[in-house]
Each structure stands twice: as structure tokens, then as C-alpha cells.
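The structure under discussion appears below in the form of C-alpha cells.
In this chain, residues are counted from 1 in sequence order.
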Amino acid sequence: MTIAALRTTPEPAPTRPADLLSIRDLPPGAIPDLLDEATRLAAARGRRDLRSILAGRTVALLFERPSLRTRVSFELAVRELGGEAVVLAGAEIGLGTRESSADVARTLERYVDAIVARVVHHVDLEEMAAATGRPVVNALTDREHPCQALADLLTLRSRFGRLAGLRLAWVGDPNNVFRSLALAATPLGVEVRIAHPPEHALEPALAGIVRDSIDPAEAVDGADAVYTDVWVSIGDSDADARRRALAPYAVDAALMRRAASHAVALHCLPAHRGEEISADVLDGPRSVAWDQAANRLPVQQAVLAALLR
């Protein structure tokens, strides 16, 4: 399958470009092509001919939530491929209050070629996609974070030279990042394990494809990669209760010793050292957190190129 395969033509509108709302929007065969394209773009960064890829294209970047890596990487992704980015903060739009999600999308499609949106509620993203004929890209919702999952897979493939046969252990809350990563990685032959508090239930669709455990040591045993994320995010209720439930799931040096000797530690950032991950792990030689952050740029360039080229 080639990168052009992402430009699907769903019925009943055969000319409508594809969206990336969920990692499920990408057939498994398309993900390796995206990773190949991202690798090529990363190696070619700075070449002037890359500026022809999105020349004449304009992309709206809508951020209802605060952002560092996502905003900078998407803004640079558009600019380095020769396009123009229009950045819109949540307060400027009033998504769902000043204007409905659908009306925002209907307005933006008159100006731009694609919409990249980081919103609180996944349903808002779905409403935007349903209202416009422009590609809509999920830059994070409460449901999924597909671009982060793609960057994670690129990081793992770059480190190990393969994805099939790797063991990936997630320790902590089965959140939006985990959901996208599990859905993307398992069809590619990655064994995904998770250890989580019993009260943080794993949804049935994921329970059927990952190895589920309550014990972090069991999940991490022999793993090639150990992944964690913050325990409390914006909008989470009862932060103290979440911290109490997740306290036994911290990734520290002792837990990393249960993994394979070559194992790496992943974190999508921002991180709270001393909570979900210890400083010696995050800042140590086994951490690939900053490789993950760097890989957001070429992955997002590959996604935009696939949808707009």
C-alpha cells in the first residue's frame, strides 16, 4: 500500500478527502507507509524542494487546550512544507459556546484546506468533520491522540529497527494516548501489555487485543519498552483520588529493572517527575521521551502530505 492510499473516497461523497479523527481511520497497511514517509521527511529536513509539498495550502490549527509540542510541531510542519498555518486559540473561537463546532468548521472550510484541532471532547471533532468537506486531523481529544501514537511507533521502529515482535508495557491509566497506541500497534505485531488500577477499567474493545494486568511488575517483565503518562490531566475530576489509585504504578528504576536490559522508557510529556515517572528514568539513558517529541514533526508532516498532496 502506498501513501496515496490514505486519500480514501468514502461514500456518498467520492471527492471528500480522508480525515484522521481516530487511529482506526488508518488501515494497518497505511501506518508503515506513513512511518516511511516521516523517516524520509526527517532525513530531508531543510531541503528547499520540500516546500513544494504544501505550497499554496493553508491549514487552520485550532487549540482549545494548551499545547507545546503539538502546536510547535504542527505549525512547523505546515511551514516547512511550504504551506501557511493559521493558529486559533480556544478563547478566540469559543467552541461550543460562542459558536457550534459545526459552524466553526463550515466557516473555516471557506478559508483553509485542512483543519487540525486539539479539543476537549471528541464529539466536537466528529461534528466538525461531519460539517466540512475539508480534512480534519485530531491533534488530541479526550478519546484519542493518533498523531502521538504514530510518533511513538516511529520512535520504537527507529530504535529497534522493527515493530513486529516488540513487547510494549503501558503502566497506569488506559487513557487517550494508550487507546490510540494500542489500536495502532497491535495489528503491526507489537505485543501490548497494560497494568492499571482495577477501578480504571479497560474498555472491552481494548481488553480483547492487549494483555491486561493489575500488577506493574508482571506487565513490564521482559518488555522492550515501558510507557507511562501523567496521572492527572486538564479536566480530570478528583485529582487526589486518581493519585492515590495510581501511586503503585509509578515507573522508577526498580520497575525498569524488570524490563529487558535494552528496554527504553517512553513518556509523551509533559511529565511530573516523582509521580508517574522518576527523574532518574525520565532523564536517564533509557529515556526516549525527547525522541518521541522530535518525531511529532515528521509524523505530522507525513499526515498532512498524505491528506493534502
Using the rule given for side-chain hydrogen bond (donor to acceptor under 3.5 Å, both in side chains), can you reason through Arg296 versus Thr70, listing the C-alpha separation, both sets of side-chain angles and the distance that settles it, and then say yes or no? CA-CA 7 Å; Arg296 294 291 300 281; Thr70 301; 2.8 Å; yes

Within 6.0 Å of [atom1] in [X], more than 12 heavy atoms from elsewhere:
X: Arg40; atom1: CZ; result: yes
X: Arg162; atom1: CZ; result: yes
X: His121; atom1: NE2; result: no

Considering only heavy atoms from C-beta outward, does the side chain of [X] approach that of [Y] to under 4.5 Å?
X: Asp152; Y: Tyr227; value: yes
X: Arg159; Y: Leu156; value: no
X: Trp170; Y: Val210; value: no
X: Cys147; Y: Asn138; value: no
X: Leu41; Y: Leu50; value: yes
X: Arg211; Y: Val192; value: no
X: Gln300; Y: Val137; value: no
X: Val78; Y: Leu304; value: yes

Polar contact flag, side-chain donor to acceptor under 3.5 angstrom, [X]-[Y]:
X: Asp142; Y: Asn176; result: no
X: Asn175; Y: His145; result: no
X: Glu276; Y: His267; result: yes
X: Ser213; Y: Glu218; result: yes

Qualifying residue for side-chain hydrogen bond (donor to acceptor under 3.5 Å, both in side chains) with Ser22, from Arg179, His122, Glu144, Arg143: Glu144

Taking only Lys NZ, Arg NE, NH1 and NH2, and the carboxylate oxygens of Asp or Glu, determine whether [X] and [Y] approach each other closer than 4.0 Å.
X: Arg273; Y: Asp283; value: yes
X: Glu275; Y: Arg244; value: no
X: Arg51; Y: Glu80; value: no
X: Glu191; Y: Arg167; value: yes
X: Asp36; Y: Arg157; value: yes

Could you name each residue pair satisfying side chain to side chain donor-acceptor pair (under 3.5 Å) that touches residues 252-265, not counting sequence neighbours? Asp224-His262

Verify side-chain contact (heavy atoms from CB on, under 4.5 Å) between Arg118 and Leu62, making sure each step is shown before the conclusion. CA-CA 6 Å; Arg118 181 184 184 98; Leu62 192 161; over 6 Å; no

Examine [X] and [Y] and state if one hydrophobic cluster contains both, with Ile, Leu, Val, Met, Phe, Trp and Tyr joined whenever side-chain heavy atoms are less than 4.5 Å apart.
X: Leu206; Y: Leu266; answer: yes
X: Val299; Y: Leu188; answer: yes
X: Leu35; Y: Val288; answer: yes

Decide salt bridge (charged side-chain N to carboxylate O under 4.0 Å, His left out) for Arg57 and Glu84; before the verdict, give the C-alpha distance in whole Å, the side-chain angles of both, and the deciding distance to 0.1 Å. CA-CA 6 Å; Arg57 302 284 197 167; Glu84 295 287 338; over 6 Å; no

Mind checking what makes salt bridge (charged side-chain N to carboxylate O under 4.0 Å, His left out) contact with Asp124, not counting sequence neighbours? none

My understanding is that only one of Leu61, Val116, Leu297, Val59 makes a side-chain contact (heavy atoms from CB on, under 4.5 Å) with Glu75; could you say which? Leu61

For Tyr249 and Asp215: C-alpha separation, side-chain torsions, deciding distance, then whether side-chain contact (heavy atoms from CB on, under 4.5 Å) applies. CA-CA 8 Å; Tyr249 295 85; Asp215 182 6; over 6 Å; no

Output, in order, the C-alpha distance, side-chain angles, deciding distance and verdict of side-chain hydrogen bond (donor to acceptor under 3.5 Å, both in side chains) for Asp291 and Thr155. CA-CA 6 Å; Asp291 292 335; Thr155 303; over 6 Å; no

